[in-house]
Amino acid sequence: MKKYLAEHVGAALERLGYHSRVELQFETPKQEAHGDLTTNVAMLLAKPIGKNPRAIAQEIVGALQLDPKDVSGTEIAGPGFINFRFTPGFFTRQLADILRHGAAFGRTNVGQGRKAMVEFVSANPTGPLSVGHGRQAAIGDMLASLLEWTGYAVTREYYYNNAGRQMRVLAQSTLARYRQLFDPNVPFPDDGYQGEYIRLIAEEIKVERGDALLSMPEEESLKICQAVAEGSLFDAIKAVLARMGVRHDEFYNEDSLYSSGKIDEVVQEFRSKGLAYDQEGAVWLKATALGLEQDRVIIKSTGEPTYRLPDIAYHCEKFRRGFELIVDVFGADHVATIPDVLAGVKALGYDPERVRVVIHQFVTLLRDGEQVKMSKRLANFVTLDDLIDDVGADAVRYFFLMRANGTHLEFDLNLAKEQSEKNPVYYVQYAHARIASILRFASGEGGVRLPEDPSAIDFGLVAGPAEVVLTKLLLEFPRIVAGAAAALEPHRLPAYLTDVAMAFHRFYHDHRVVVPEAQVAQARLALCACTRTVLANGLGILGVSAPERM
RNA sequence: GACCCCGUAGCUCAGUUGGAUAGAGCAACGGCCUUCUAAGCCGUAGGUCGCGCGUUCGAAUCGCGCCGGGGUCGCCA
């Protein structure tokens, strides 16, 4: 539609000699009365040319050569907008494309097969995934899908660390719980993980090994505790991600950066560039030389690196592995680390512009009208598993994806539980199920069948107001997907799907599909099939099921 | 104190690169099922877009300054 007008209006501007003065833009007006597309080009020209914008608009309209089969009206409105209205046929003709592309309708190819990576979740195996991780899982997985739909070859990656302090604490906590099974008076470490899950893991160990760990050297028993706890927690993490329909392609272990010498290489490179120095027994990154406010420690005086060093090395690896687009999905608590990593990456010769960081704000849970305080150390947090148990995976995903990444998400557990039938996700799913039901009825009792060749359908017969509104929306799908992908904003799609469902419900209310006139029935049925395709494809990108019946 | 996110209807939130009369869901009120799914549809009501100044043909959107909520500033990740 825009392309069509861009050519014609562009030609008109050329005839008038205005073409190189301004950029030609079209927008979809918010109001129906203002047509299908509008351009402000006359207003933009007003200043450089020094004429009244309405007069310029008049000239442009006069110079246009449009086919009345496609464009039914051109008008000048307000301060100088030029509004265009297309014929119903212009839209309905394009419905055949939706039928032809089917499950692929909405795919575009801006990515052209380039490699992209989305890193998300990346929680270390020290406990069950939280609700916040759930938001990240939904966002990351959907961003990956969006990039796939726009032509990228996408890798979903999970980066984790099973070494270091956190894992030591995990091992100590597990061992303490294990010992408590034999002697309740054994003390629990002050900074240990309090969660009930540790106790369960300790019991597992007891079942498998009896009291064997009591008599072995502590170092050895800690090793066993860590291995068992890590394995158990990772299994649980993967299981809950699977419940949400999320599957990572790669699990990248931070350890491999050490064993392969990548960490040392990075340190050497920083030193050789004069960007690292020793002070008080630690190695510092001269971040101030990279435009940041203060220098940062990259290797502690204990000899252990801080998180920054492996993070920088890891990102360099992402570049070396050939990813041209690198998306990091982080929670708001990681904001502070980003500048350091990007600066480090840049200093080592990689283009930080290729890294796009998506920050999502926290999820707060409301229970009985009060905020649930959550801490991984304390036992009172609600896990992602709990949430899925409460409201179901579809609702969890949809809710997490409905909101812009940057907004704080308030999740009222009572409301989600009580009113789960009124969840917005049901509205969209219901439209899909309703269409499936109509299609079943049509092909059975109704005796209406769609022809093999979509061009045999007379789409001119679905030109009623509700039908045209629906048609226009459906045709926007590829643009919505591409826009959400380019902006890395998942929430645009749920908003769009709600609109589609609404337009469909109205159409359904206004028109009976299976009617005696065979041509009309066929055209309406085709419109239903197109709607179903868009809903199914859209829900697929969201990772939400598209039910045949409800 | 510095930096990041947010502030839009009673509540939860949309609002595309600045566009014309700011939208949806929930909650409230009133209608619509002998016909393909009423988990639906139609209507009513609800707003100084946190406040002020500026930029311009035009601001919820951009800039500056305040106010309010959340977050981050570690040799934790």
Side-chain angles (χ1 to χ4, degrees), chain A residues 23 25 27-31 33-34 38 40 43-44 46-47 52-53 77-81 83 122-124 126 161 164-166 169 191 254 279-284 293-294 296-308 310-311 331-339 359-362 364 399 402-412 415 419 421-424 426-427 429-431 433-442 444-446 448 479-480 483-484 486-487 489 491-492 494-495 498-499 501-502 504-506 508-515 521 524-525 528 549-550:
Chain A
E23 198 189 343
Q25 296 175 26
E27 292 174 26
T28 308
K30 283 179 189 168
Q31 299 201 27
H34 295 137
T38 185
N40 61 351
M43 281 132 87
L44 294 177
K47 204 167 215 176
N52 181 318
F81 291 104
N83 298 335
S122 297
N124 291 337
T126 59
N161 181 14
R165 202 188 79 90
Q166 283 186 58
V169 173
D191 58 353
E254 183 180 319
Q279 187 179 311
E280 297 165 15
V283 181
W284 294 68
E293 286 200 3
Q294 47 184 306
R296 301 288 186 175
V297 171
I298 51 176
I299 299 178
K300 300 182 234 176
S301 51
T302 60
E304 270 183 297
T306 64
Y307 64 88
R308 274 181 209 96
D311 275 5
D333 53 342
H334 278 63
V335 175
T337 76
I338 295 160
I359 300 292
H360 67 90
Q361 295 295 317
F362 287 162
T364 50
F399 265 92
M402 260 165 75
R403 310 262 157 84
N405 301 323
T407 62
H408 296 270
L409 185 71
E410 200 168 76
F411 210 118
D412 187 324
L415 200 75
Q419 306 199 329
E421 291 194 352
K422 290 178 181 172
N423 270 337
Y426 284 89
Y427 185 77
Q429 287 182 317
Y430 181 67
R434 201 175 214 186
I435 295 168
S437 167
I438 294 168
L439 295 178
R440 279 193 301 273
F441 177 84
E445 210 179 315
V448 185
R479 200 178 62 83
I480 299 291
E489 289 183 358
H491 75 279
R492 294 186 190 188
T498 305
D499 288 345
M502 192 180 300
F504 176 76
H505 287 311
R506 277 187 192 142
Y508 174 85
H509 185 260
D510 286 2
H511 302 286
R512 196 183 156 79
V513 176
V514 181
V515 290
R524 288 186 182 157
L525 195 61
C528 288
R549 298 167 201 274
M550 284 175 76

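Protein chains get the first letters and strands the later ones, always in sequence-line order, with residue 1 at the start of each.
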- Item | Whole angstrom value for the distance that separates C1' of B/A77 from CZ of A/Arg296 | 14 Å
- Task: Check whether the aromatic ring of A/Tyr427 stacks on the base of B/G25, taking stacking as ring centres less than 5.5 Å apart and planes within 30° of each other.
- Result: no
- Task: Identify whether any heavy atom of A/Ala442 sits under 4.0 Å from a base atom; if not, whether one sits that close to sugar-phosphate; answer base, sugar-phosphate or nothing.
- Result: nothing
- Measure from NZ or CZ of A/Arg434 to the centre of the six-membered ring of A/Phe504, then state whether that distance is under 6.0 Å and the direction lies within 45° of the axis. no
- Starting from C1' on B/C76, measure out to CZ on A/Arg308 and report it in whole angstrom. 10 Å
- Task: For nucleotides B/A60 and B/U8, find the distance between their P atoms and express it as a whole number of Å.
- Result: 15 Å
- Task: For A/Ile299 and A/Val297, work out which heavy atoms get closest and say how close.
- Result: O-CG1, 3.5 Å
- Message: I'd like to know if A/Thr498 reaches the base of B/A14 with its side chain such that a donor and an acceptor end up less than 3.5 angstrom apart.
- Response: no
- Determine, step by step, whether A/Ile359 and A/Asn405 satisfy the side chain to side chain contact (heavy atoms under 4.5 Å, CB included) criterion, reporting the C-alpha distance in whole Å, the side-chain angles of both residues, the deciding distance to 0.1 Å, and the verdict. CA-CA 7 Å; A/Ile359 300 292; A/Asn405 301 323; over 6 Å; no
- Query: Between B/C73 atom C1' and A/Ile338 atom CD1, what is the distance in whole Å?
  - Reply: 13 Å
- Query: Parallel under 30°, tilted from 30 to 60°, perpendicular over 60°: which one fits the rings of A/Tyr427 and A/His505?
  - Reply: perpendicular
Protein-nucleotides 68-70 of chain B N/O pairs closer than 3.5 Å?
{"from": "B/G69", "atom 1": "N2", "to": "A/His408", "atom 2": "NE2", "distance (Å)": "3.4"}

- Message: Any base atoms under 4.0 Å from A/Asn83, or only sugar-phosphate, or nothing? Heavy atoms, all strands.
- Response: base
- Query: What nucleotide among B/U16, B/C41, B/C75 has an atom nearest to a side-chain atom of A/Val297?
  - Reply: B/C75
- Item | For A/Ser122, side-chain hydrogen bond (donor to acceptor under 3.5 Å, both in side chains) partners two or more places apart | A/Glu119
- Query: When you compare B/A77 with B/U72, how far apart are their P atoms, in angstrom units rounded to a whole number?
  - Reply: 16 Å
- Counting any heavy atom closer than 4.0 Å, what does A/Arg512 reach on the DNA or RNA strands: base, sugar-phosphate only, or nothing? base
- Message: If the condition is ring pair (Phe, Tyr, Trp, His ring centres under 6.0 Å), which residues does A/His509 pass it with, not counting sequence neighbours?
- Response: none
- Message: Quick check on A/Glu445: does its CD atom have over 12 non-hydrogen neighbours (other residues, nucleotides or ligands) under 6.0 Å away?
- Response: no
- Task: Figure out the CG/C1' separation between A/Leu409 and B/G7, and round it to whole Å.
- Result: 16 Å
- Ignoring backbone atoms, test whether A/Tyr508 places a side-chain nitrogen or oxygen under 4.0 Å from the OP1 or OP2 oxygen of B/A38. yes
- Task: Mind calculating the distance between CD (A/Glu293) and P (B/C3) to the nearest angstrom?
- Result: 8 Å
- Is there ring stacking between A/Tyr426 and B/A39, where the centres must be under 5.5 angstrom apart and the planes under 30 degrees? yes
- Query: Does the side chain of A/Lys300 get closer than 4.0 angstrom to OP1 or OP2 of B/G74 through an N or O atom?
  - Reply: no
- With a 4.0 Å cut-off on heavy atoms, is A/Ser301 in touch with a base, just the backbone sugar-phosphate, or nothing at all? base
- Looking at side-chain heavy atoms only, is the closest gap between A/Arg524 and A/Val448 below 4.5 Å? no
- Message: Within this structure, what is the NZ-OG1 distance for the pair A/Lys300 and A/Thr306, rounded to the nearest 0.5 Å?
- Response: 7.5 Å
- List the steps, then state whether side chain to side chain contact (heavy atoms under 4.5 Å, CB included) holds for A/His491 with A/Thr407. CA-CA 11 Å; A/His491 75 279; A/Thr407 62; over 6 Å; no
- Task: Check RNA chain B for consecutive Watson-Crick or G-U pairs with both distances under 3.5 Å and list the runs of at least three as stems.
- Result: B:1-7 with B:67-73, B:10-13 with B:23-26, B:28-32 with B:40-44, B:50-54 with B:62-66
- Give the rounded distance in Å between these two atoms: CG of A/Asp333 and P of B/C5. 16 Å
- Would you say A/Cys528 and A/Val513 make side-chain contact, with heavy atoms under 4.5 Å? yes
- Query: Closest to the A/Gln294 side chain: B/C75, B/C73, B/G40?
  - Reply: B/C73
- Query: Base, sugar-phosphate, or nothing: which does A/Ala431 touch, judged by heavy atoms less than 4.0 Å apart?
  - Reply: nothing
- Is the phosphate of B/C76, meaning OP1 or OP2, less than 4.0 Å from a side-chain N or O of A/Thr337? no
- When you measure from the side chain of A/Arg165, which nucleotide among B/C76, B/C75, B/C36 comes out closest? B/C76
- Item | CA sep, side-chain torsions, deciding dist, call: A/Ile438, A/Tyr508, side chain to side chain contact (heavy atoms under 4.5 Å, CB included) | CA-CA 10 Å; A/Ile438 294 168; A/Tyr508 174 85; 3.7 Å; yes
- Message: Has A/Arg492 got a side-chain atom pairing as donor or acceptor with A/Ile480's backbone, closer than 3.5 angstrom?
- Response: no
- Item | Atom-to-atom span, CZ of A/Phe399 to P of B/C11 - whole angstrom | 18 Å
- Task: Find out whether A/Arg165 and A/Glu304 are in side-chain contact, i.e. whether some heavy atom of one side chain is under 4.5 Å from a heavy atom of the other.
- Result: no
- Hey, does A/Thr306 reach any base, or is it just sugar-phosphate, or nothing, if we go heavy atoms under 4.0 Å? sugar-phosphate
- Query: Among B/U16, B/U37, B/A20, which nucleotide sits nearest the side chain of A/Ala433?
  - Reply: B/U37
- Contact class for A/His34 vs. all strands (heavy atom < 4.0 Å): base, sugar-phosphate, or nothing? base
- Message: If you apply the rule side chain to side chain contact (heavy atoms under 4.5 Å, CB included), what do you find for A/Phe362 with A/Asp333, and how did you get there?
- Response: CA-CA 9 Å; A/Phe362 287 162; A/Asp333 53 342; 3.9 Å; yes
- Message: I need the CD-C1' distance between A/Glu410 and B/G10, as an integer number of Å.
- Response: 14 Å
- A/Glu280 near the nucleic acid: base, sugar-phosphate alone, or nothing, with a heavy-atom cut-off under 4.0 Å? base
- Task: Classify the nucleic acid contact of A/Ala332 as base, sugar-phosphate or nothing, counting any heavy atom under 4.0 Å across all strands shown.
- Result: sugar-phosphate
- Query: Which atoms form the tightest heavy-atom contact between A/Gln361 and A/Gly406, and what is the distance?
  - Reply: CG-O, 2.9 Å
- Note on the structure: Given protein heavy atoms under 4.0 Å, the one-letter contact record of nucleotides 56-61 of chain B, with B base, S sugar-phosphate only and - none, is simply -S--B-
- Task: Give one of base, sugar-phosphate or nothing for A/Met502, where a contact means two heavy atoms less than 4.0 Å apart.
- Result: sugar-phosphate
- Message: Please classify the glycosidic conformation of B/C33 as syn (within 90° of 0) or anti (everything else).
- Response: syn
- Query: Taking the side chain of A/Arg434 as its heavy atoms from C-beta onward, which of B/A77, B/C41, B/G40 lies nearest to it?
  - Reply: B/G40
- Has A/His491 got a side-chain N or O lying under 4.0 Å from the OP1 or OP2 atom of B/G15? yes
Pick out the pairs of N or O atoms, protein on one side and nucleotides 32-34 of chain B on the other, that lie under 3.5 Å.
none

- Message: Given B/C75, B/A20, B/A77, identify the nucleotide with an atom nearest to the side chain of A/Ala77.
- Response: B/A20
- Task: Check every strand shown and say whether A/Gly446 touches a base, only sugar-phosphate, or nothing at a heavy-atom separation below 4.0 Å.
- Result: nothing
- Report which part of the nucleic acid A/His360 touches: base, sugar-phosphate, or nothing (heavy-atom distance under 4.0 Å, all strands). nothing
- Using a 4.0 Å heavy-atom cut-off across all strands, classify A/Glu27 as base, sugar-phosphate, or nothing. base
